[in-house]
Amino acid sequence: MYAELLRGEIPIVKFCVLASGSSGNAALVATEKTRILVDAGLSVRELTRRLALAGEAPERLTAVLVTHEHCDHVSGLPRLVRRHAVPVYTTHSTAPNLAWFDPAPAVETFQAGSRFAVGDIEVTSFTIPHDAADPVGYCFQAEGIKIGIATDLGYVTESVKYHLRGTHALLLESNHDLEMLKVGPYPWSVKQRVMGRMGHLSNDGMGDFLLSDWQPAAPNLILGHISEHNNHPEIVRLVAAQALERRAIEARVAIAAQRQPTEVFEF
C-alpha cells in the first residue's frame, strides 16, 4: 500500500507470494485486467484461500505459468485447470513432463528465453540452472513496473543477473545455510544435489548476488524457498541485511513462507 499512499493513486500492479518452499510454491502477479498465477504447488482449496487473502479468486485467473515440473510447483495444477479451465503456459520441454489427467488440457508452450504477452502483462522467460527438464524464471512488466522471480537455481548465472536488472520487486531464492545443510538430516546424496550448481541457491549465494550484482529499480526484495531443516528466516534476514548495508541500500525485505502468503506488494 505504500505506493498508493505516496502517489495518492489506486495500485495498478500487485505481487504476492502465496507459498514458497519444498511443500508447495505459488505466486500472483496481477493488474486491473490480468491475473497470472506462477506455479500451482498447493491444493485448489489452499490456493483459493490464499488468493482470497490477496483479494483474488481462482476463477478470475488469466493464466498459470509453470517454472518447472517438480511436484512442489505443479501438484495442484491438474485439478485447478479441470475446475476453472485456466490456460497453462510452460516451455516446450517441460510440458511433456507434467502429470495431466486424461484428457490433457490445451497448453501454450514456448521456447525458454522467449518473450510473450499475457493480457496486458509482458512476460520474459529465462533459463535457470536446476535439475529439471527445462526450468525457467520469469520477469513480468506492466505499466512501467517490473517484477522478477528466480527460485530453484543452483547459482546466479550471468543471464539471470541480466534479466533481474531493473526490478521493482524480486522473489529470490535463499534456500539453505551451508553449515546447517552439511550437519543436517538429509542423506549425503541429497546434500550434494542441493549444494550443486543444478540445485538450490544458498544464503551465501543470495548474499553475493545482493552485494555484487543486484541492480533494482526499487529495492523490494522477497527471499524464498527457505529450507525448514537447513535454514532459518533470521539467518536469511541477517545475510541480506549485511549485504545491503555494505551497499548502503535501504530495502524493503520480506520472507516468503510455506504456510502463509506474504504481504501484497502494490505499485
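Side chains included, hydrogens not; waters and symmetry mates left out as well; all remaining heavy atoms used.
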Got a salt bridge between Glu263 and Arg252, using NZ or NE/NH1/NH2 to carboxylate O under 4.0 Å? yes
Please list, chain by chain and in numerical order, all residues satisfying ring pair (Phe, Tyr, Trp, His ring centres under 6.0 Å) with Tyr162, sequence neighbours excluded. none
State whether the side chain of His130 and the backbone N or O of Pro135 hold a donor-acceptor pair below 3.5 Å, judged by distance alone. no
Which atom pair, heavy atoms only, marks the closest approach of Val239 to Gly207? CG1-CA, 4.0 Å
Pairs involving residues 221-231, ordered by first then second residue, that meet salt bridge (charged side-chain N to carboxylate O under 4.0 Å, His left out) (sequence neighbours left out): Glu228-Arg259
Check step by step if side chain to side chain donor-acceptor pair (under 3.5 Å) holds for Asn230 and Asp177. CA-CA 6 Å; Asn230 305 299; Asp177 173 87; over 6 Å; no
Is Glu56 salt-bridged to Arg35, cutoff N-O under 4.0 Å? yes
Are the aromatic rings of His229 and His176 close, with centres under 6.0 Å apart? no
Under a 3.5 Å distance rule, please check whether Thr94 uses its side chain to pair with a backbone N or O of Thr91 as donor and acceptor. no
His225/Thr151 under side chain to side chain donor-acceptor pair (under 3.5 Å): CA gap, chis, key distance, verdict: CA-CA 7 Å; His225 218 301; Thr151 66; 5.6 Å; no
Strictly by modelled atom types, are Asn203 and Ser174 linked by a side-chain donor-acceptor pair under 3.5 Å? yes
Could you walk me through whether Phe209 and Leu170 satisfy the side chain to side chain contact (heavy atoms under 4.5 Å, CB included) test, starting with their C-alpha distance in whole Å, then the side-chain angles of each, then the deciding distance to 0.1 Å, before giving a yes or no? CA-CA 12 Å; Phe209 171 76; Leu170 170 62; 4.0 Å; yes
Where at least one partner belongs to residues 180-198, residue pairs that pass salt bridge (charged side-chain N to carboxylate O under 4.0 Å, His left out), sequence neighbours excluded: Asp131-Arg193, Glu179-Lys182
Would you mind listing every side-chain hydrogen bond (donor to acceptor under 3.5 Å, both in side chains) that reaches into residues 37-47, with sequence neighbours excluded? Asp39-Thr67, Asp39-His73, Glu46-Arg49, Glu46-Arg50
Shortest non-hydrogen separation from Ala40 to Leu37 and the atoms involved: CB-CD2, 4.1 Å
What orientation do Phe265 and Phe267 show, parallel under 30°, tilted 30 to 60°, or perpendicular over 60°? parallel
Would you tabulate the side-chain donor-acceptor contacts of residues 115-123 under 3.5 Å, counting partners in other chains and residues two or more places apart, or write 'none'?
| unit_1 | atom_1 | unit_2 | atom_2 | d |
| --- | --- | --- | --- | --- |
| Arg115 | NE | Thr124 | OG1 | 3.2 |
| Arg115 | NH2 | Glu122 | OE1 | 2.7 |
| Asp120 | OD1 | Thr31 | OG1 | 2.8 |
| Asp120 | OD1 | Thr34 | OG1 | 2.7 |
| Asp120 | OD2 | Thr31 | OG1 | 3.2 |

Taking 4.0 angstrom as the limit, do Glu59 and Arg83 come out as a salt bridge? no
In terms of heavy-atom contacts, Met206 and Leu172 come closest through CG-CD2, 3.8 Å
Closest non-hydrogen atoms of Val194 and Leu181, given as atom of the first, atom of the second and distance, are CG1-CD2, 3.8 Å
Under the rule for salt bridge (Lys or Arg N to Asp or Glu O under 4.0 Å), what residues qualify as partners of Asp213, not counting sequence neighbours? Lys161
Tightest non-hydrogen contact, residues Ala169 and Ile222, listed as CB-CD1, 4.5 Å
Tightest non-hydrogen contact, residues Val13 and Ala142, listed as CG2-O, 3.6 Å
